[in-house]
Amino acid sequence: MMGAKNHAVILPDAHKAQSLNALVGAAFGAAGQRCMATSVAVFVGAARDWLPEVVERARALKVNAGIEPGTDVGPVISKRAQARIEALIASGVAEGAKLLLDGRGVQVPGYRQGNFVGPTVLAGVQPHMQVYTQEIFGPVLVCMTADTLDEAIALVNANPFGNGVGLFTQSGAAARKFQSEIDVGQVGINVPIPVPVPFFSFTGSRGSKLGDLGPYGKQVVQFYTQTKTVTARWFDDASVNTGVNTTISLR
């Protein structure tokens, strides 16, 4: 259970409303503080034109204390986490990313000392930028583009983390190619956060995993199981051979 940088690859043939709603929920739900949060969106081809609508959906989310009705995005866990997230946003801008929605400095009435960071969208992000190489663990969506599905697959596979990835498409052929060629342990097709149900194993891979077994499913049973091997041979007294057998029967 190590770090993560989960991608969502969006093809232009995907169901637009369903895909964008899923993306925004997966990126900003729980204020981005979950290991399976979708923190990178890769828009393929003409899907890059959907980016303004992602921003509008994110802007409409309500930031407030989690106990308040109608809250979409609650606070992050601590002041230290807030400062780290805001510093990473600033580094993205400094390195050349375009800040389409800035969640820094959010003021929530009645909670002026709260650890709030609003939904943030960065576009034009490149693989060398800190906002891409580091797990932000906050409500920040990093947006990238690719010309083809092959280019998107290569981008995801080049990232050291391998926790989860999603593909949004209406094409069965594209889905089959993606799930076969992607080097990530948990793959969703039109599913943004591909966490399997508990009786299947959690299969994050590469930089997102330490050890050889997952935390639930059959693998967790193996983790808590100590294997014992017993080799025995028994004879009935009447069948005991008095000589040494040096031959092997091939019949």
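Note that the coordinates shown come from a computational prediction; the quantities given were computed from them, not determined experimentally. Just the heavy atoms: all of them, side chains too, but no hydrogens, waters or symmetry mates, feed the values below.
Taken together through direct or relayed side-chain contacts under 4.5 Å among Ile, Leu, Val, Met, Phe, Trp and Tyr, Ile153 and Ile10 form parts of separate hydrophobic clusters. With hydrophobic clusters built from ILVMFWY side chains whose heavy atoms lie under 4.5 angstrom apart, Val140 does not share a cluster with Val24. One hydrophobic cluster, built from ILVMFWY side chains closer than 4.5 Å, cannot hold both Phe137 and Val73; they sit in different ones. Under the 4.5 Å side-chain heavy-atom criterion for ILVMFWY residues, no single connected hydrophobic cluster contains both Leu101 and Leu99. A continuous path of hydrophobic side-chain contacts links Leu100 to Phe43 [ILVMFWY only; heavy atoms under 4.5 Å].
Within the 3.5 Å criterion, the main-chain N or O of Ala65 finds a donor-acceptor partner in the side chain of Thr71. Lys5 places a side-chain N or O within 3.5 Å of a backbone atom of Gln134 that can act as its donor or acceptor partner. The backbone N or O of Ala37 lies less than 3.5 Å from a partner atom in the side chain of Asn6, making a donor-acceptor pair. Put simply, the side chain of Glu53 never gets that close to the backbone of Ala17: no donor and acceptor are under 3.5 Å apart. The closest donor-acceptor contact from the side chain of Ser91 to the backbone of Gln130 lies at 3.5 Å or more, if one exists at all. For the pair Arg59 (side chain) and Pro119 (backbone), a donor-acceptor distance under 3.5 Å is absent. The closest donor-acceptor contact from the side chain of Thr120 to the backbone of Gly118 lies under 3.5 Å. No donor-acceptor pair closer than 3.5 Å links the side chain of Arg176 to the backbone N or O of Ser171. Of the possible polar contacts, one joining the Asn157 side chain to the Asp183 backbone as a donor-acceptor pair under 3.5 Å is found. The backbone N or O of Val187 sits nowhere less than 3.5 Å from a side-chain atom of Gln179 that would complete a donor-acceptor pair.
Smallest separation of non-hydrogen atoms from Ile189 and Ala175: CG2-CB, 3.9 Å. Nearest heavy-atom pair, Ala27 versus Leu141, reported as atom, atom and distance to 0.1 Å: CB-CD1, 3.9 Å. Smallest separation of non-hydrogen atoms from Trp50 and Lys16: CD1-CE, 3.6 Å. Considering all non-hydrogen atoms of both residues, Leu149 and Val44 come closest at N-CG1, 3.9 Å.
Using a cut-off of 4.0 Å between Lys/Arg side-chain N and Asp/Glu carboxylate O, Lys62 and Glu68 are scored as not salt-bridged.
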Problem - Evaluation steps, side-chain contact (heavy atoms from CB on, under 4.5 Å), between Val40 and Val125 - result: CA-CA 10 Å; Val40 182; Val125 173; over 6 Å; no
Exercise for the section: I would like to know whether Glu181 and Asp150 meet side-chain contact (heavy atoms from CB on, under 4.5 Å); could you show each step before the answer? Expected result: CA-CA 9 Å; Glu181 297 182 10; Asp150 283 325; 4.1 Å; yes
Problem - Residues Leu11, Phe178; criterion side-chain contact (heavy atoms from CB on, under 4.5 Å); working and verdict - result: CA-CA 11 Å; Leu11 298 188; Phe178 185 83; over 6 Å; no
Handout entry: Audit row: Arg48, Asp147, side-chain contact (heavy atoms from CB on, under 4.5 Å) steps and yes/no
Key = CA-CA 10 Å; Arg48 70 189 67 193; Asp147 292 329; 3.1 Å; yes
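Interatomic distance, Leu122 CG to Ile89 CD1, rounded to the nearest 0.5 Å: 6.5 Å. Considering OG of Ser39 and CZ of Phe28, their distance stands at 10.5 Å, rounded to 0.5 Å.
Contact annotation: the side chain of Tyr132 approaches that of Asn159 to within less than 4.5 Å [non-hydrogen atoms, C-beta and beyond]. For the pair Glu135 and Leu88, the minimum side-chain heavy-atom distance is 4.5 Å or more.
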